Amino acid sequence: MKKMICAVLAVLLVCVLPAGVFASDERTYEVDVSVEMKNEYQASPGETVTVRMYLNRTDSDENAPMYAMQNEIWYDDAFFELVEGSQTTYSGVEFKDMARRTGGRAVYLNFLSLKGGTDWPSEVLVGSFQLKVIGTQGASAVISQNLKISSKDGMSGYEIENLYETDASKVTKDAVVILSGGCVINFDSSGGSEVPSQVVQYGEKIIKPEDPVREGLYFTGWYKDLDKTEAWNFRKDVVRSNMTLYAGWSETPPVLGGGGSGGEIFISAAAVILLIALAALRKKKVSFVSNGGSAVRSVFVKKGSPVNCPEDPGRENYIFEGWYKDSELTTQWNFGSDKVNENMTLYAKWRIKN
C-alpha cells in the first residue's frame with residue numbers, strides 16, 4: 001500500500017510539473033515524432049503508416065536514470081484510424097488511446113519507475129503505433145503535446161529543447177501526413193450565421209471570411225481550438241492540415257486595437273463614431289450569402305424597418321430566383337413587407353438554365 005501511495009504521488013507531481021523548471025543535474029532532451037521516419041510524409045488514402053516517438057538526450061551520450069515521463073500524441077480521428085494491436089513501447093512504458101474533450105484522440109505514453117530510477121539509453125524509441133489514413137484529401141498533423149520528464153524528487157523537471165509555447169499548452173515537434181488536393185478548412189460559428197468552408201493548399205494562408213453575426217453578441221475573431229485560447233492570424237498563419245476554426249463571441253465590444261484574429265482589428269476614430277451612431281440607431285446587420293454567385297455587400301438597417309432589395313447577383317448558367325430566410329431555401333424574404341428585427345443572413349436561390 002505504501003509503495004502504491006508513493007507511486008500515485010509521483011504521478012501527480014509529474015502531471016503538474018512545469019516544463020521549464022530544470023532538475024539539479026540539468027539534463028536536456030528533445031522529442032522527435034515522425035511518420036514513416038519523416039516529418040512530412042506523402043501518403044495515399046487507405047494507406048497504413050507507422051508513427052514513432054523518440055526521446056533523445058542532447059547534453060550527453062551517457063545512459064541516465066529515468067524516473068517518470070509522460071507525453072501525448074494527438075491525431076485527428078476524422079483523418080486517421082488507430083490500427084488495433086499495432087503499438088509497441090519501450091520497457092515499462094504504458095500506452096493508452098483516448099478521446100480528447102476538444103475533439104480528436106490522444107495516445108498517452110507514460111512511464112513511472114518504482115525503484116528510484118531505471119537506466120535509459122541516451123536515445124530511446126519510447127513508442128510506436130500504426131494509423132490507417134481514412135481521409136481523402138488535404139493533410140493532418142500528428143502532434144507531440146505536454147511532454148514532461150521528472151527529476152528524482154518529482155519537484156522539478158528536465159529541460160525539453162525545441163519546445164515552443166501556445167496559449168493552450170506546451171508543444172513539441174510534430175509530423176504531417178499529406179494527401180493530394182487542398183486542405184479543408186471549416187468554420188464553426190458557434191451559434192452565429194453560417195460561414196462557408198474553404199479549400200486551401202498546404203502551406204498557404206486562409207482567406208479571411210466575412211465575420212459571422214449573432215444576435216446580442218459581438219464577434220471577437222477565429223480561434224484554432226474549441227476553448228478559444230489561441231487566435232488564428234490570417235496575416236501570418238499558414239495551413240498545415242485539415243482543420244476547423246471556431247468563432248469567439250463576447251457580450252461587450254472588442255478592445256480597440258486588439259481582437260481575436262491575431263491583432264487584426266485596427267479601429268480609427270471615424271469608425272468608433274460610426275459604431276456609436278449605429279448602436280444609437282439600433283441598426284441591424286443583414287448579410288447576403290450568394291451560394292456560388294457574385295458577392296453582395298452586407299448592409300445595416302434600422303431595427304423594425306424593411307431592407308432594400310440589392311442588385312441581383314450573377315452566376316454563369318444559372319437564373320437567380322430570389323433571397324430566402326433560411327439556408328435550406330424554404331421561406332422567401334419579402335422585401336415589401338418583411339422587417340429586420342435582428343442581425344440576419346439571406347440566402348440566394350438559383351435555377352439551372354434550360
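Treat the numbers as computed from the prediction; the structure is a model and nothing was measured.
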*Could you check Asp237 against Lys224 for salt bridge (charged side-chain N to carboxylate O under 4.0 Å, His left out), going step by step and ending with a plain yes or no?*
CA-CA 11 Å; Asp237 292 337; Lys224 302 176 184 180; 3.6 Å; yes
*asked:* Check for me, please, whether Tyr90 and Phe95 land in the same ILVMFWY cluster - side-chain distances under 4.5 Å, paths through other members count.
replied: yes
*Say whether, by atom type as modelled, one donor and one acceptor occur between the side chain of Ser250 and the main chain of Thr252 under 3.5 angstrom.*
yes
*asked:* Assess, by modelled atom type and distance only, whether the side chains of Ser128 and Thr50 contain a donor and an acceptor separated by less than 3.5 Å.
replied: no
*Closest heavy-atom contact between Tyr158 and Lys152?*
OH-N, 4.5 Å
*Start with the C-alpha gap between Phe111 and Trp120, add the side-chain angles, then the distance that decides, and say whether side-chain contact (heavy atoms from CB on, under 4.5 Å) holds.*
CA-CA 11 Å; Phe111 174 81; Trp120 274 30; 3.8 Å; yes
*Between Asp76 and Arg105, is there a side-chain N and carboxylate O pair less than 4.0 Å apart?*
no
*Kindly indicate, with the supporting measurements, whether the criterion side-chain hydrogen bond (donor to acceptor under 3.5 Å, both in side chains) is fulfilled by Ser34 and Asn39.*
CA-CA 5 Å; Ser34 63; Asn39 290 115; over 6 Å; no
_Check: Trp232 ring centre within less than 6.0 Å of Tyr223 ring centre_ = no
*Nearest 0.5 Å, what's the CD-NZ distance between Glu40 and Lys38?*
10.5 Å
*Drop me the distance from Glu72's CD to Lys148's NZ, to the nearest 0.5 angstrom.*
7.0 Å
*Indicate whether any N or O donor in one side chain lies under 3.5 Å from an N or O acceptor in the other, for Asp188 and Thr244.*
no
*Taking side chain as C-beta onward, heavy atoms only, is Ile206 less than 4.5 Å from Leu245?*
yes
*Without hydrogens or angle criteria, can the side chains of Thr345 and Ser287 be said to hold a donor-acceptor pair below 3.5 Å?*
no
*Check: Ser180/Gln137 side-chain N/O donor and acceptor closer than 3.5 Å*: no
*asked:* If we ignore hydrogens and angles and just use 3.5 Å, is the side chain of Thr58 paired with the main-chain N or O of Thr28 as donor and acceptor?
replied: yes
*asked:* Would you say Ile178 ends up clustered with Phe80 if hydrophobic residues are merged whenever their side chains have heavy atoms under 4.5 Å apart, either directly or through other cluster members?
replied: no
*What closest approach, in Å, do Asp77 and Gly104 show between heavy atoms, and which atom pair accounts for it?*
OD1-CA, 3.7 Å
*Step through the shown structure and confirm whether more than 12 heavy atoms of other residues, nucleotides or ligands are within 6.0 Å of CD on Glu94.*
no
*Side-chain (Ser140) to main-chain (Val177) donor-acceptor, under 3.5 angstrom*: no
*Quick one: does Tyr246's side chain get under 4.5 Å of Asp225's, heavy atoms only?*
no
*Between Lys349 and Leu329, does a side-chain contact (heavy atoms from CB on, under 4.5 Å) hold up when you go through it step by step?*
CA-CA 7 Å; Lys349 184 176 182 179; Leu329 307 178; 4.0 Å; yes
*With the 4.5 Å side-chain cut-off for hydrophobic clustering, are Val238 and Ile185 part of the same group?*
no
*asked:* Are Pro45 and Leu179 packed together at the side-chain level, in the sense that at least one heavy-atom pair is separated by less than 4.5 angstrom?
replied: yes
_Centroid separation Tyr347 to Trp350 less than 6.0 Å_ = no
*asked:* How close do Glu36 and Val49 get, counting heavy atoms only, and between which atoms?
replied: OE2-CA, 3.3 Å
*Under 3.5 Å donor-acceptor, Asp227 side chain and Thr229 backbone*: no
*Atom CD in Glu210, atom CZ in Phe187: separation rounded to 0.5 Å?*
12.5 Å
_Over-ring placement of Arg100 relative to Trp74, 6.0 Å and 45° cut-offs_ = yes
*Check whether any side-chain heavy atom of Tyr67 lies under 4.5 Å from a side-chain heavy atom of Ile149, and answer yes or no.*
no
*Can you see which heavy atom on Lys228 is nearest to which on Ala247, and at what distance?*
CE-O, 2.9 Å
*asked:* With a 4.5 Å cut-off on side-chain heavy-atom distances among I, L, V, M, F, W and Y, is there a chain of contacts connecting Val340 to Phe288?
replied: yes
_Could you check whether Glu81 pairs with Lys132 (Lys NZ or Arg NE/NH1/NH2 to Asp/Glu carboxylate O, under 4.0 Å)?_
no
*How many angstroms lie between CG in Leu217 and CD in Glu251, if you round to the nearest 0.5 Å?*
6.5 Å
*What orientation do Tyr75 and Phe129 show, parallel under 30°, tilted 30 to 60°, or perpendicular over 60°?*
tilted
*Counting distance only, does the side-chain N/O of Lys285 pair as donor-acceptor with the main-chain N or O of Met344 below 3.5 Å?*
no
*Do the non-hydrogen side-chain atoms of Leu131 and Val83 ever get within less than 4.5 Å of each other?*
no
Pairs of donor and acceptor atoms involving the side chains of residues 314-325, under 3.5 Å and at least two apart or interchain, shall be tabulated with distances.
residue: Arg315; atom: NH1; partner: Asn291; partner atom: O; Å: 3.1
residue: Glu321; atom: OE2; partner: Arg351; partner atom: NE; Å: 2.7

*For Val176 and Tyr41, run side-chain contact (heavy atoms from CB on, under 4.5 Å): C-alpha distance rounded to whole Å, both residues' side-chain angles, the deciding distance at 0.1 Å, then the answer.*
CA-CA 6 Å; Val176 179; Tyr41 180 72; over 6 Å; no
*asked:* Heavy-atom count check: over 12 atoms from other residues, nucleotides or ligands less than 6.0 Å from Asp119 CG?
replied: yes
*Work out which heavy atom in Ser144 is nearest to a heavy atom in Val31; give both atom names and the distance.*
OG-CG1, 3.8 Å
_Side chains of Met53 and Asn71 in contact at under 4.5 Å (non-hydrogen atoms)_ = yes
*Side-chain heavy-atom pair Val126, Met69 within 4.5 angstrom cut-off*: yes
*Can you measure from NZ (Lys339) to CG (Asn341) and round to the nearest 0.5 angstrom?*
9.0 Å
*What residue among Leu147, Asn110, Leu109 forms side chain to side chain contact (heavy atoms under 4.5 Å, CB included) with Gln70?*
Asn110
_To the nearest 0.5 Å, what is the distance between CD on Gln198 and CG on Asn186?_
10.0 Å
*Flag side-chain contact, heavy atom, 4.5 Å: Cys183 against Glu204*: no
_Can a side-chain donor-acceptor contact be found between Tyr29 and Arg57 if the only test is distance below 3.5 angstrom?_
no
*Val296 with Trp333, same ILVMFWY side-chain cluster at under 4.5 Å*: yes
*Check step by step if side-chain contact (heavy atoms from CB on, under 4.5 Å) holds for Val307 and Val299.*
CA-CA 8 Å; Val307 58; Val299 296; 3.7 Å; yes
*Asn334 side chain to Asp338 main-chain N or O, any donor-acceptor pair under 3.5 Å?*
no
*If you look at every heavy atom in Ser294 and Pro313, which pair is closest and at what distance?*
OG-CA, 3.3 Å
*Does Ser189 offer a backbone N or O that forms a donor-acceptor pair with the side chain of Trp249 under 3.5 Å?*
yes
